[in-house]
Amino acid sequence: MEIITYVMSNLSLLAQLTLEHIALVVVAVGLACLMGVPIGIAITQNERIARVVLYTASIIITIPSIALFGIMIPVLSVIGHGIGYVPAVIAVLLYSQLPIIRNTYTAINNVSPGLREAARGIGMTSMQRLRLVEIPLSVPIIMAGVRTAVVMNIGVMAIAAYIGAGGLGVLISRGISQSDPRQLIVGAIAVSLLAIVADTLLLALQKRLTPKGLQS
Amino acid sequence: MINIENLTKIFDTKQGVVTAADHITMQVPEGEICVLLGPSGCGKTTTLKMVNRIVTPTSGRVLINGEDTTQQDTVTLRRNIGYVIQQIGLFPNMTIAENISIVPKLIGWNKKRYTKRASELLEMVGMDPGTFLKRYPNELSGGQQQRIGVIRALAADPPVMLMDEPFGAIDPINREVIQDEFLKLQRLLKKTIMFVSHDIDEAVKMASRIAIFREGKLVQYDTPDDLLSHPKNDFVKGFVGSDRALKRLQLVTVEEVLETETAVVKMNDSLSQALVKMDDAGYERAIILVDDARRPVGYISRSVAQANQGDCSKHYANLRSVVRLEDNLRTVASKMFTHDATWLPCVNSEGILEGCVTQRGITRHLGATYKAVQ
């Protein structure tokens with residue numbers, strides 16, 4: 001009951017924080033896609049480099065987010081952005097690399113040898129093969145990687161409130177510091193709901209982007 | 001025409017150096033189907049794939065219609081060669097129309113032209129464009145997919161086609177049908193085709209020439225009939241099978257062994273006339289009965305003619321089977337065995353009697369090539 005009253009009386013704050021949160025994740029994962037998808041495609045050309053890249057991305061993802069923020073403070077202070085928006089986006093960008101690169105790499109590599117040979121034998125250049133065959137066939141798996149990244153980073157972004165990046169994490173951190181369970185619970189539920197809604201929307205998008213011939 | 005000169009491929013594998021193709025030299029004349037045949041790992045596929053440079057030759061060269069392909073850029077080269085593979089390789093993200101039109105699109109045909117071409121090709125393999133153009137590959141059966149695979153390769157009308165076990169993944173019944181369809185198409189299109197197979201029956205059926213490979217070497221390159229009647233060594237003998245004389249049966253049509261001077265009786269001839277005709281023609285057992293249009297109706301056997309009196313029309317027995325001019329001897333032999341017959345009447349497309357096929361005629365024809373060499 002208390003919680004509902006809290007929500008009703010703080011609707012505009014809640015909306016503002018949610019939008020902030022979404023904006024952070026969208027910008028960061030968006031940038032991560034622009035970076036991760038080309039990397040994932042590029043490393044299919046060389047198995048050794050692929051192993052190094054995927055290994056590095058796996059290590060990055062094991063760093064606890066709070067530690068990552070800590071590491072970035074002195075580094076980014078040099079350009080005057082030790083805390084706030086910039087380190088939050090960078091952290092999410094880094095965390096998103098593994099699911100996006102790995103899924104892209106796996107998807108492109110999994111295009112059947114028969115199709116690859118047919119494409120080659122027909123006289124497609126390697127760019128045409130990517131554009132007309134390999135990428136369209138990989139879209140569902142790449143999108144699945146993007147979904148993982150988004151859902152995971154909605155959680156990570158909640159912690160970014162501690163370095164002043166804003167978002168729904170603000171409610172949680174305030175709830176803890178002020179021993180106010182209302183804010184804590186509302187913050188936590190809002191973050192979870194956001195993750196669920198985002199996943200559902202992205203799943204719908206994934207289905208729309210999947211070539212018709214692959215849907216059964 | 002495809003000219004292969006000293007084509008060699010050496011693979012560097014972890015187990016050491018493997019010579020997959022060893023100085024292969026052969027020619028595929030314009031408009032013929034050359035089947036590369038051999039056990040797996042014999043180099044037939046490697047040789048085929050060096051023609052469109054999916055596999056880069058270690059040495060040697062390939063000339064297509066006199067032009068050295070080593071000098072050509074691989075993309076252009078491949079767009080001028082139709083390529084059909086066992087896995088078919090239809091792009092699942094594209095419709096049938098898009099799959100067929102892919103090469104014409106790549107070489108810059110306009111939309112109207114390649115759309116028309118796609119419909120034309122579908123009709124050629126007996127598939128309705130209205131139904132199939134908009135479909136996706138996963139909505140088609142295996143046989144239909146392979147037909148699309150073949151017509152995709154034909155789309156830009158390339159003079160040369162490479163086919164790597166194209167019908168290998170299809171069930172035996174459909175395979176026969178598709179092979180027949182393809183041969184019919186080929187009689188129209190007259191492409192120069194290299195075709196990899198491991199099935200001697202398929203090779204005998206499809207090939208104008210067969211090239212037998214073993215351990216990277218070309219062992220024998222001959223017409224199917226020469227290959228079956230004169231295998232060069234024990235390996236070829238073993239590969240073509242101990243029933244190779246029987247396999248030759250399907251290379252010969254009824255027309256080639258037909259005995260056209262067949263004596264016949266008509267409906268209103270008497271049985272005694274029938275006996276006389278049998279004696280004159282030297283038939284021991286029976287004579288064919290035909291109607292006024294010379295269509296075979298039945299036969300009069302000698303025993304019946306001897307034991308009875310009257311017209312042939314009252315005493316004939318029904319024919320057990322007839323064959324057609326274009327049937328091959330394998331079909332004929334099979335019918336002879338089924339009906340315990342030593343001869344069968346042969347009719348043309350209008351059902352009119354053309355003559356007879358006899359067991360003796362068949363053995364004589366097949367034996368002729370052996371005698372010629374001895």
Side-chain angles (χ1 to χ4, degrees), chain A residues 33 37-38 40-41 44-48 50-51 103-146 203-216, chain B residues 45 48-49 51-56 72-107 134-140 145 148-150 152-156 158 161-166 168-169:
Chain A
C33 288
V37 173
I41 294 170
T44 55
Q45 301 304 311
N46 186 316
E47 214 179 307
R48 253 190 47 220
R51 239 179 295 140
N103 280 34
T104 307
Y105 174 76
T106 315
I108 301 268
N109 259 355
N110 276 357
V111 171
S112 88
L115 281 184
R116 227 181 271 272
E117 192 181 320
R120 258 178 6 122
I122 263 169
M124 288 192 193
T125 63
S126 39
M127 280 316 282
Q128 285 165 338
R129 266 175 3 235
L130 263 180
R131 188 165 57 83
L132 297 172
V133 182
E134 291 169 356
I135 293 180
L137 292 180
S138 302
V139 160
I141 302 178
I142 295 176
M143 277 303 295
V146 173
L203 184 64
L205 180 65
Q206 177 180 339
K207 284 194 177 140
R208 280 207 54 185
L209 290 178
T210 302
K212 250 172 108 194
L214 297 182
Q215 297 165 357
S216 48
Chain B
T45 305
L48 181 89
K49 288 184 179 174
V51 175
N52 66 354
R53 303 181 79 79
I54 293 281
V55 173
T56 320
Q72 280 177 356
D73 134 69
T74 52
V75 169
T76 321
L77 171 74
R78 288 174 190 159
R79 287 177 186 173
N80 289 316
I81 298 177
Y83 191 45
V84 187
I85 56 176
Q86 185 180 358
Q87 308 92 312
I88 311 177
L90 295 184
F91 305 121
N93 54 321
M94 302 182 192
T95 60
I96 299 307
E98 288 167 332
N99 265 289
I100 302 174
S101 310
I102 189 108
V103 183
K105 249 190 240 176
L106 291 175
I107 59 177
K134 293 263 150 52
R135 294 219 180 147
Y136 284 91
N138 66 359
E139 299 169 315
L140 267 56
Q145 289 188 24
I148 304 297
V150 170
R152 178 175 68 179
L154 287 166
M161 279 181 74
L162 304 177
M163 307 179 83
D164 185 6
E165 301 203 21

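Within every chain, numbering begins at 1; the chains are lettered A, B, ... in the order of the sequence lines, protein sequences first and strands thereafter.
Looking at B:Ile54, the atoms closer than 4.5 Å to chain A (heavy atoms on both sides) sit in the backbone and in the side chain alike. For chain B, the nearby part of A:Gln128 is the side chain; its heavy atoms alone come within less than 4.5 Å. When heavy atoms are compared at a cutoff of 4.5 Å, B:Leu77 does not approach chain A at all. Residue B:Pro92 touches chain A through both its backbone and its side chain, counting heavy-atom pairs closer than 4.5 Å. Residue contact with chain A, scored on non-hydrogen atoms closer than 4.5 Å, involves the backbone and the side chain of B:Asn93 alike. B:Arg135 does not touch chain A: none of its heavy atoms, backbone or side chain, sits under 4.5 Å away.
Contact count versus chain B (heavy atoms, under 4.5 Å) is highest, among A:Gly121, A:Gly114, A:Pro113, A:Pro211, for A:Gly121. Options B:Ile81, B:Val75, B:Asn52 differ in how many heavy-atom pairs under 4.5 Å they form with chain A, and the most are formed by B:Val75.
For the atom pair CD (B:Gln87) and CD (A:Glu117), the distance works out to 6.0 Å, reported to the nearest 0.5 Å.
No side-chain heavy atom of B:Tyr83 sits less than 4.5 Å from a side-chain heavy atom of A:Arg120.
Taking each heavy atom of B:Gly89 and A:Ala118 in turn, the nearest pair found is O-CB, 3.5 Å.
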Tell me, with the steps shown, if B:Thr95 and A:Lys212 meet side-chain contact (heavy atoms from CB on, under 4.5 Å).
CA-CA 9 Å; B:Thr95 60; A:Lys212 250 172 108 194; over 6 Å; no
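Of the listed residues (B:Arg78, B:Arg152, B:Arg79), just one forms a side-chain contact (heavy atoms from CB on, under 4.5 Å) with A:Ile122, and that residue is B:Arg152.
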